[in-house]
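The structure under discussion appears below in the form of structure tokens.
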Amino acid sequence: MKESSKKYTDSGIEIKEVYNASDLPKAPSTGGDLGEAPGSFPFTRGIQADMYRGKLWTMRQYAGFSTAEESNMRYHYLLSQGVMGLSVAFDLPTQIGYDSDHPLAEGEVGKVGVAIDSIEDMETLFNGIKLEDVSTSMTINATGFILLAFYVALAKKQGADLKKITGTIQNDILKEYAARGTYIYPPKPSMRIITDIFEWCSSEVPKWNTISISGYHIREAGSTAVQEIAFTLSNGKAYVQAALEKGLDINIFGKRLSFFFNAHNNLFEEAAKFRAARRMWAKMMKDMGATDPKAMMLRFHTQTGGSTLTAQQPLNNISRVTIQTLAAVLGGTQSLHTNGYDEALSLPTEEAVRIALRTQQIAAFESGVADTVDPLAGSYFVESLTNEVEAEAWKLIQKIDAMGGSVSAIEQGFIQNEIARSAYEYQRKIETGEKIIVGVNKFQLQNEQVMPAFKIDDSIRKVQAEKLKSLRKRRNPAKCDNLLQSLNDKASGGENIMPVVVEAVENYCTLGEIADTLREIFGEYK
């Protein structure tokens with residue numbers, strides 16, 4: 001074959017012209033291949049025996065903007081359109097622990113998500129929604145413990161049984177240092193907060209997913225599919241080791257770990273990536289001492305690729321999201337968010353959100369992809385690609401292990417540098433035309449119609465500041481001071497901080513006050 005005619009996946013894996021039975025070697029490093037059947041170790045074919053025949057994936061739509069009132073209206077609209085679970089986006093001040101009236105919050109309040117400063121905002125956000133009846137995912141990391149406390153405190157106010165509350169906090173700080181940047185505290189105290197959450201939830205909110213170990217943002221930063229699973233599973237390993245060092249039972253907390261992956265446009269590589277990740281995680285958990293099969297299962301949410309969306313000819317993004325939806329479903333996702341076609345321009349409009357949800361519903365009810373378990377199994381190409389993705393990912397994990405694990409690899413800049421190198425190479429290929437992006441570097445239009453964008457008014461900050469002023473006048477200041485001092489003492493002394501954080505939010509301490517109390521103890525990561 002001529003060099004120029006060679007084809008490669010986006011991870012650089014060469015694609016042969018044709019695949020045969022001889023391309024199906026045993027899976028590397030696992031000692032197993034497909035397992036006996038779907039639902040059995042190493043879960044290559046899916047974590048449930050009947051997959052979508054038994055229950056469809058949860059259809060989520062990631063939403064949050066402006067005030068809690070505005071976001072609440074969007075949530076009610078989504079629920080009326082058939083969404084099965086809510087997924088909350090928070091604004092940047094909320095993500096990095098600043099109240100809306102803090103000077104550093106100026107210009108960012110309500111912009112990329114909803115502003116949540118207190119339990120009163122959380123109450124408004126879920127007004128008319130019973131928390132016992134919905135599964136809620138919250139994309140929040142550095143302040144994840146505070147948002148979880150708001151949610152639990154609200155559930156208690158609603159009279160909910162905390163043993164029945166289901167949902168997820170992302171709570172994955174390692175990928176923030178490596179790819180996304182919304183961290184507050186240094187790695188070691190951040191890991192301590194995460195293990196406090198694991199420990200507290202196991203007894204108080206046992207059905208809550210305490211972490212969503214995220215490859216999504218690693219991929220958005222420019223990684224390949226192989227790097228996405230290698231770095232994500234390495235981070236997962238670091239969280240498990242931290243929990244084990246605290247004396248937690250892997251067979252208990254392991255069942256509440258979940259993952260969050262990206263779906264891009266290379267349909268077969270993406271499906272292979274999900275299958276490989278399941279097999280790899282099962283092996284890793286077994287090696288770390290898990291004996292309960294449920295603690296070895298990689299359960300994951302998928303979001304379609306935000307970085308794949310184009311501002312040029314944005315309606316083309318509907319086709320991209322459809323391909324990515326199929327990749328996620330064919331790969332066996334447990335939950336899915338589909339992006340709006342206009343998200344390269346702004347927050348999604350209501351029309352774009354509706355079309356994105358309908359894309360999932362059409363896949364579920366019209367395409368036939370949900371009718372049988374792992375429909376790609378046995379494909380010479382897909383099985384070979386699954387093995388190759390896995391083999392390349394293990395190589396990266398071995399490099400990270402040799403550095404002392406994910407925390408050390410991040411501190412040394414290895415993961416960040418690998419992502420940056422891949423991002424540069426991908427962009428170079430677009431600019432040279434080696435990689436075709438329809439409507440961007442080929443098949444352009446001379447006169448494109450401008451799409452209406454969804455904008456957030458800067459007056460939101462004033463609205464939130466007034467709410468905070470009112471709250472501080474009405475609450476018991478001495479009680480708040482005592483609770484913040486208690487948080488200081490427990491954080492300094494190594495006790496689990498979650499009980500006092502829940503009590504603090506119930507007594508109207510704000511997100512910024514709680515985050516600042518820990519800034520005094522732990523410092524900030526620079």
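Quick note: residue numbers are just sequence positions, from 1.
- Taking every heavy atom of both residues into account, Pro348 and Ala352 meet most closely at CB-CB, 4.4 Å.
- Side-chain contact, Asn262 with Glu220: a donor N or O sits under 3.5 Å from an acceptor N or O.
- Judged purely by atom type and a 3.5 angstrom limit, Thr386 uses its side chain to pair as donor or acceptor with the backbone of Val382.
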Next item on the list: Begin with the C-alpha distance, continue with both residues' side-chain angles, and end with the deciding distance and a verdict on side chain to side chain contact (heavy atoms under 4.5 Å, CB included) for Tyr183 and Ile173.
Entry: CA-CA 7 Å; Tyr183 44 73; Ile173 204 65; 4.2 Å; yes

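- A donor-acceptor pair under 3.5 Å links the side-chain atoms of Thr9 to the main chain of Ile13, judged by distance alone.
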Would you give me the side-chain donor-acceptor pairs under 3.5 Å for residues 41-48, sequence neighbours excluded?
{"residue": "Thr44", "atom": "OG1", "partner": "Asp33", "partner atom": "O", "Å": "2.9"}
{"residue": "Arg45", "atom": "NE", "partner": "Asp374", "partner atom": "OD2", "Å": "3.1"}

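- Counting only residues at least two apart or on different chains, no ring-ring contact (aromatic ring centres under 6.0 Å, His included) pair has a member in residues 344-368.
- Side-chain polar atoms of Thr182 and Asn141 form no donor-acceptor pair below 3.5 angstrom.
- Checked by atom type and distance alone, the side chain of Thr338 pairs as donor or acceptor with a backbone atom of Ala356 at under 3.5 Å.
- Using bins of under 30°, 30° to 60° and over 60° for the plane-to-plane angle, the ring pair Phe300/Phe274 lands in the parallel bin.
- Side-chain rings of Phe145 and Trp200 stay apart, their centers remaining 6.0 Å or farther from each other.
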Next item on the list: Report the C-alpha separation of Ile318 and Val321 in whole Å, then their side-chain angles, then the decisive distance to 0.1 Å, and conclude whether the side chain to side chain contact (heavy atoms under 4.5 Å, CB included) test is met.
Entry: CA-CA 5 Å; Ile318 297 172; Val321 169; 6.0 Å; no

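- When all heavy atoms of Ser258 and Ile211 are compared, the closest pair comes out as OG-O, 2.9 Å.
- Considering every non-hydrogen atom in both Gly54 and Asp50, the closest pair reads CA-OD2, 3.2 Å.
- Taking the side-chain contact (heavy atoms from CB on, under 4.5 Å) definition, one finds that Ile430 meets it with Tyr426, Gln427, Lys435, Ile437, Asn441, sequence neighbours left out.
- Ionic pairing of Lys395 and Glu390 is not present here: no N-O contact between side-chain nitrogen and carboxylate oxygen is shorter than 4.0 angstrom.
- Side-chain contact between Leu174 and Asp172: present, with at least one pair of heavy atoms (C-beta onward) separated by less than 4.5 Å.
- More than 12 non-hydrogen atoms from other residues, nucleotides or ligands lie less than 6.0 angstrom from CZ of Arg358.
- Listed by first and then second residue, the ring-ring contact (aromatic ring centres under 6.0 Å, His included) pairs that reach into residues 301-332 are Phe260-His301, sequence neighbours excluded.
- For the pair Arg53 (side chain) and Thr372 (backbone), a donor-acceptor distance under 3.5 Å is absent.
- A donor-acceptor contact under 3.5 angstrom links the side chains of Tyr341 and Glu351, judged on distance only.
- Applying the ring-ring contact (aromatic ring centres under 6.0 Å, His included) test to Tyr52 and every residue at least two apart in sequence or in another chain returns Trp57.
- Summarising the geometry of Leu396 relative to Val226, their closest heavy-atom pair is CD1-CG1, 4.2 Å, with the distance given to 0.1 Å.
- For Tyr75 (side chain) and Asn127 (main-chain N/O), no donor-acceptor pair under 3.5 Å exists by modelled atom type.
- Of all non-hydrogen atoms in Val240 and Met285, the two that sit nearest each other are CG2-SD, 3.9 Å.
- Side-chain contact between Leu357 and Met59 is present, with at least one heavy-atom pair separated by less than 4.5 Å.
- Judged by distance alone, the side chains of Thr325 and Gln360 never bring a donor and an acceptor atom under 3.5 Å apart.
- Ser135 and Arg60 share a side-chain donor-acceptor pair at under 3.5 Å.
- If you check the side chains of Arg275 and Asn387, you find no donor sitting under 3.5 Å from an acceptor.
- At least one donor-acceptor pair under 3.5 Å links the side chain of Arg299 to the backbone N or O of Leu257.
- A donor-acceptor contact shorter than 3.5 Å is absent between the side chain of Asp91 and the backbone of Gly113.
- Side chain to side chain, Thr58 and Ser335 fail the donor-acceptor criterion of an N or O pair below 3.5 Å.
- Closest non-hydrogen pair, Ile146 versus Leu511, comes out as CD1-O, 3.7 Å.
- Side-chain contact of Tyr77 with Arg354: a donor-acceptor pair under 3.5 Å is present, judged by distance alone.
- Legend: residues meeting side-chain contact (heavy atoms from CB on, under 4.5 Å) with Lys237, ordered by chain and number and at least two apart, are Gln241, Met284, Met288, Asp401.
- For NZ of Lys111, the number of neighbouring non-hydrogen atoms (other residues, nucleotides, ligands) closer than 6.0 Å is greater than 12.
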Next item on the list: Please step through salt bridge (charged side-chain N to carboxylate O under 4.0 Å, His left out) for the pair Glu270 and Arg219, ending with a clear verdict.
Entry: CA-CA 12 Å; Glu270 294 299 297; Arg219 192 67 178 281; 3.0 Å; yes

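- Under a 4.0 Å N-O distance rule, the pair Arg461/Glu108 does not qualify as a salt bridge.
- Residues Phe381 and Phe268 place their aromatic rings such that the two centres sit under 6.0 Å apart.
- Side chain to side chain, Ser422 and Gln227 meet the donor-acceptor criterion of an N or O pair below 3.5 Å.
- One finds a salt bridge joining Arg428 and Glu425 here, because a Lys/Arg side-chain nitrogen approaches an Asp/Glu carboxylate oxygen to under 4.0 Å.
- Under 3.5 Å, the side chains of Thr136 and Tyr151 contain a donor-acceptor pair of N or O atoms.
- Of the N and O atoms on the side chains of Asn235 and Ser406, at least one donor lies less than 3.5 Å from an acceptor on the other residue.
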Margin query: Let's go through Met191 and Tyr239 carefully: what are the C-alpha distance in whole Å and the side-chain angles of both, what is the deciding distance for side chain to side chain contact (heavy atoms under 4.5 Å, CB included) to 0.1 Å, and is it a yes or a no?
Written below: CA-CA 7 Å; Met191 293 290 278; Tyr239 293 126; 3.5 Å; yes

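- Side-chain atoms of Thr310 and Gln312 include no donor-acceptor pair closer than 3.5 Å.
- If you check the side chains of Asn339 and Gln324, you find no donor sitting under 3.5 Å from an acceptor.
- Side-chain polar atoms of Asn72 and Glu69 form no donor-acceptor pair below 3.5 angstrom.
- At least one donor-acceptor pair under 3.5 Å links the side chain of Gln95 to the backbone N or O of Phe90.
- Looking only at distances, no side-chain donor or acceptor of Gln170 sits under 3.5 Å from a matching main-chain atom of Gly144.
- Panel note: side chain His217, backbone Ala179; no donor-acceptor pair is recorded below 3.5 Å.
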